[in-house]
Amino acid sequence: MSTRARRSSFPKVVIERDTDTDESSDEEEEVENDVVESDDEEEEVEIEDQKVEDDVVEDKKGKTPITISLKKVCKVCKRTGHQAGFQGATYIDCPMKPCFLCKLPGHTTVNCPHRVAMEFGVIPASRKRTHNSLDYVFERQLRRGVPSIKPAFVIPDEVNCAVIRYHSRRVTCLEFHPTNNNVLLSGDKKGQLGVWDFGKVYEKTVYGNIHTCLLNNMKFGPANDGTVYTVSSDGTVNCTDLETGLSTSLMDLNPNGWQGRNSWRMLYGMEFNAEKGLVLVADSFGYLHMVDARANSKTGDSVLIHKKGTKVVGLHCNPLQPDLLLSCGNDHFARMWDIRHLEAESCLHALPHKRVVNSAYFSPSSGSKIVTTSIDNRIRVWDSIFGNLDTPSREIVHSHDFNRHLTPFRAEWDPKDPSESLVVIGRYISENYNGAALHPIDFIDISTGQLVAEVMDPNITTISPVNKLHTRDDVLATGSSRSLFIWRPKEKSEAVQEKDKSKIMVCNTKNSKKFGNESDNDDDDDSGDDFSSKKGKGLKKKKANIVITTSKSSKKKKP
DNA sequence: AATCGATGGACCC
DNA sequence: TGGGTCCCCTCGAT
């Protein structure tokens, strides 16, 4: 049967429109012998009437017309009467779903109490009931180190320099160089490793031959700051020389290559135990592996540290007692271990969460607190000294939902904060800032649950899930999509810029029309044009050291 | 400016 | 325990 013959056996199709549609109703009310596509954006067609059977050979007039409803349908719940999505730079939630921020039903993010004050409804810190003598000693030691007046937080709130579209895929992790203050390393979804000297802005390299897919984590070894250890979803642990880009493989969990997705092992969590010279790595099946950094080989047996078959995404050693290991993963737990007595089921503490745990970190100086980020949109604080590890001492509602296309969000400590209370994390949901939908980076005081600062830049329209604070300087590094940003506190930033004005560099790319050409004319202020703001326009101009690259030109492979 | 696709986890049975 | 299905603020390419 030809298409034409078949079509002619179709009954009349009636289009039923929403009342608020602008179109005059008469022109499209009835359409003969054809199914009409909706020409209105965001409309979905649903056939309301009876189904049509293909093989009915029919006489022309006897059929009831098919009614196609073009009523506007919510893209979230598929019901009519409301619509979810962006209206300009403001996102309108679907009222039928639980709040996208706190996950409770009955309201949306617009009037969620946590949107206004994040500390609303946080669980107050529970006091420890049981005390042994060791606790008192530890507490006395710690109390002395805790300053009585909390120093003011210094917030790097202004973009100082950036490399736009530096990586060819989204950024997955960041690490500052341990001794060279101005060097930032970045890993991406493709497995490439970026080395960027943001002090010189244009000094950048991307090594593309280290891993074949997601570079999930990296760490510097304490012995040599010229080499970095990386783990990847390709199942290998590599050690790379930053000067040459030459890398050696320390471990390969898939020596026989691809045998199907059920057997392919991926590496996510990694940590360096300096005392023992061990690289600790964790895979996607729940196992921990150890690599001797001196012998460059695997050591000991693999230990099941999380539910079998689930990803272990994070590992962290206690800063004061490096034998104390913290792990977290997809089995909804963060777990504490003593690596001297490591075997399955030997976990010292299991910290329960409602959903997957993206990260778990000991506090940077005393190691007595733990901050975890879980995809139930809560940051949890656990206190091993002043509270129990059975329940979190605080839960902070914060938007950092899971999205398969985003690198998982992780709350990261400020290593310079002596009070161990400042944490940085990117925000998923956007706010309408002067007509632009921006996703800020939040600084949270975990001792109060309060939002200390939200930093954003009209040029960064993408979500910034990867953030790292510098160990010595007041510098924040952000990985947002494929770009990197360096933030400094406002005053400082200006001073640096005056000095470094000549270092502003804009490369010619497909987008070059937007940026103009490179100019060494000082008063030609082309340095801060917006890059590609989709949801925002009319933004104020800013000054920054910015390098625009394309993915092709950024690849610099060395054998 | 619309559309597409890559692709992780939850939840269902 | 495993396969199928669904999915809410992505992002960049066409």
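Chain letters run A, B, ... following the sequence lines, proteins first, then strands; residues in each count from 1. Bear in mind that the values here come from a model prediction, so they are computed numbers and not experimental data.
Nucleic acid contact for A/Pro465: none, since no nucleic acid atom lies under 4.0 Å from a heavy atom of the residue. Nucleic acid contact for A/Ile463: sugar-phosphate only, since backbone atoms but no base atoms lie under 4.0 Å from a heavy atom of the residue. Note on A/Arg355: only backbone sugar-phosphate atoms sit closer than 4.0 angstrom, heavy atoms only; bases stay farther off. At the heavy-atom level, A/Phe100 lies under 4.0 Å from base atoms of the strands shown.
The closest side-chain donor-acceptor pair between A/Asn358 and A/Thr373, if any, does not fall under 3.5 angstrom.
Separating the P atom of C/dA13 from that of B/dT7 is a span of 16 Å, rounded to the nearest Å.
The 12-atom threshold is exceeded at NZ of A/Lys103, counting heavy atoms of other residues, nucleotides or ligands nearer than 6.0 Å.
OP1 or OP2 of B/dG9 sits under 4.0 Å from a side-chain N or O of A/Asn330. Proximity of A/Lys311 to the phosphate of B/dG9: a side-chain N or O atom is located under 4.0 Å from OP1 or OP2. Taking only side-chain nitrogens and oxygens, A/Lys189 comes nearer than 4.0 Å to OP1 or OP2 of B/dT7. A close approach under 4.0 Å does occur between a side-chain nitrogen or oxygen of A/Ser481 and OP1 or OP2 of C/dG12. At C/dT10, none of the side-chain N or O atoms of A/Arg482 fall inside 4.0 Å of OP1 or OP2 (strictly under the cut-off).
Each of A/His332 and A/Arg404 was assigned the nucleotide of DNA chain B with the nearest heavy atom; the assignment lying further toward the 5' end belongs to A/Arg404.
Between A/Phe409 and A/Tyr428, the ring planes lie parallel to each other; the angle is under 30°, not in the 30° to 60° tilted range.
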